[in-house]
Amino acid sequence: MSDRRKPAPHLTEDDGREPRMQVTDRRKGALQGAPRAEPPGDEGGEEAPAGNPDAPDPVEPADAGESPAQVSYLDDLMRLQAEFDNYRKRMLKEQTGMAKRASGRLIERLLPILDNFQAALAHGEGGAGLGLIYKELTGALEAEGLQAIEAEGTRFDPRIHDAVESRESDEVSEPVVAQVYRRGYLLHDKVLRPAMVVVARPLENADSRQAEG
């Protein structure tokens with residue numbers, strides 16, 4: 001018995017296998033047949049000029065002027081600065097005035113001590129040591145603005161002189177300070193204590209006597 005292999009049968013579409021599918025790209029044909037679109041341009045058909053793609057976008061220039069809000073803020077700032085300067089000057093003036101008033105009260109309380117020194121020196125008491133202490137005390141007070149009022153022999157001034165006695169004299173033609181009972185003082189050019197003085201005034205009937213003579 002001969003063993004002959006049968007040749008493989010030729011497979012066709014009817015052999016039970018799925019037939020091969022052929023895919024056609026219809027888009028390619030559609031694109032090839034479609035009309036080519038023209039780039040947008042002017043109505044006359046001219047093409048728009050191509051710009052530089054690397055160029056930056058145009059930037060609008062900033063407004064060089066200041067906005068109303070900025071002007072208002074600057075005005076408020078300047079007004080506040082002026083008010084602060086005025087406040088600082090006013091406070092400095094008030095502090096200076098308070099310091100002067102406190103110094104004036106202290107010096108005024110020391111004036112009776114100066115009077116006692118002067119009375120003791122006038123009677124020759126204490127010697128050179130007392131005179132040295134009085135000189136140092138008056139020097140310290142003068143450095144604080146104290147100044148003695150020159151009265152004896154000067155024209156009577158009711159603003160700085162306090163007349164406690166008045167005498168007629170034929171040697172004067174106007175009221176003049178003849179004697180000082182108590183020395184007066186100025187502090188920073190203001191009267192701290194007026195001088196207590198005796199005033200010599202002209203004779204009241206001097207003119208009539210001269211007329212009779």
Side-chain angles (χ1 to χ4, degrees), residues 74-213:
L74 290 176
D75 292 341
D76 293 343
L77 181 61
M78 294 177 64
R79 183 171 63 255
L80 288 175
Q81 185 176 1
E83 291 178 356
F84 177 76
D85 291 339
N86 294 333
Y87 171 77
R88 181 176 57 83
K89 293 178 182 179
R90 184 171 65 254
M91 291 300 298
L92 181 60
K93 184 177 180 179
E94 291 179 359
Q95 291 176 358
T96 303
M98 290 176 61
K100 288 183 178 181
R101 288 191 295 271
S103 177
R105 288 193 294 268
L106 176 60
I107 293 176
E108 189 174 8
R109 295 178 62 181
L110 293 176
L111 293 183
I113 300 176
L114 290 180
D115 296 338
N116 293 333
F117 269 107
Q118 294 168 5
L121 292 174
H123 291 83
E125 300 177 357
L130 184 63
L132 181 60
I133 296 174
Y134 174 74
K135 184 177 180 180
E136 291 180 353
L137 179 59
T138 54
L141 295 177
E142 288 175 358
E144 294 297 325
L146 186 67
Q147 180 182 358
I149 295 176
E150 298 296 334
E152 189 171 354
T154 64
R155 185 176 184 275
F156 173 74
D157 188 350
R159 296 174 298 179
I160 58 176
H161 300 147
D162 184 12
V164 296
E165 187 178 349
S166 177
R167 304 171 183 171
E168 291 185 355
S169 174
D170 57 356
E171 298 180 356
V172 297
S173 59
E174 61 180 0
V176 175
V177 176
Q179 185 180 355
V180 177
Y181 279 163
R182 190 183 66 181
R183 183 174 293 184
Y185 294 94
L186 300 174
L187 182 62
H188 301 297
D189 298 329
K190 292 183 179 181
V191 179
L192 181 62
R193 187 182 74 176
M196 189 178 295
V197 298
V198 176
V199 180
R201 66 180 188 275
L203 297 174
E204 295 181 356
N205 299 325
D207 297 336
S208 60
R209 291 176 181 177
Q210 291 178 358
E212 291 176 359

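Treat the numbers as computed from the prediction; the structure is a model and nothing was measured.
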Pair Leu186-Ile149, side-chain contact (heavy atoms from CB on, under 4.5 Å): steps then yes or no: CA-CA 7 Å; Leu186 300 174; Ile149 295 176; 3.7 Å; yes
Neighbour count >12 (heavy atoms, 6.0 Å) for atom CD, Glu150: no
Heavy atoms of other groups near Asp189 CG, more than 12 under 6.0 Å: no
By side chain to side chain donor-acceptor pair (under 3.5 Å) - contacts of Arg109 (at least two apart): none
Which residues share a side chain to side chain donor-acceptor pair (under 3.5 Å) with Arg159, sequence neighbours left out: Asp157
Pairs meeting criterion salt bridge (charged side-chain N to carboxylate O under 4.0 Å, His left out) with involvement of [range], two or more places apart:
range: residues 169-184; value: Arg155-Glu174
range: residues 112-131; value: Asp115-Arg193
range: residues 80-104; value: none

Could you pull out every donor-acceptor pair under 3.5 Å between side chains of residues 128-135 and any protein atom, sequence neighbours left out?
unit_1 : atom_1 : unit_2 : atom_2 : d
Tyr134 : OH     : Gln118 : NE2    : 3.0

Arg167 vs Val199, side-chain contact (heavy atoms from CB on, under 4.5 Å): CA-CA, chis, key distance, verdict: CA-CA 6 Å; Arg167 304 171 183 171; Val199 180; over 6 Å; no
pair [X]-[Y]: side-chain heavy atoms closer than 4.5 Å:
X: Gln147; Y: Leu187; result: no
X: Glu108; Y: Leu192; result: yes
X: Pro194; Y: His161; result: no

Nearest 0.5 Å please: distance from the [atom1] atom of [X] over to the [atom2] atom of [Y].
X: Leu106; Y: Leu110; atom1: CG; atom2: CG; answer: 5.0 Å
X: Phe156; Y: Asp162; atom1: CZ; atom2: CG; answer: 7.5 Å
X: Thr96; Y: Met91; atom1: OG1; atom2: CE; answer: 10.5 Å

Whether His188 side chain and Leu146 backbone form a donor-acceptor pair below 3.5 Å: no
Candidates Leu114, Ile160, Ile107 - the one meeting side chain to side chain contact (heavy atoms under 4.5 Å, CB included) with Tyr185: Leu114
Trace of the side-chain contact (heavy atoms from CB on, under 4.5 Å) decision for Val197 with Gln179: CA-CA 6 Å; Val197 298; Gln179 185 180 355; over 6 Å; no
Shortest non-hydrogen contact from Val172 toward Ala200: CG2-O, 3.8 Å
Residue pair Thr154, Val176: steps toward the side-chain contact (heavy atoms from CB on, under 4.5 Å) verdict: CA-CA 6 Å; Thr154 64; Val176 175; over 6 Å; no
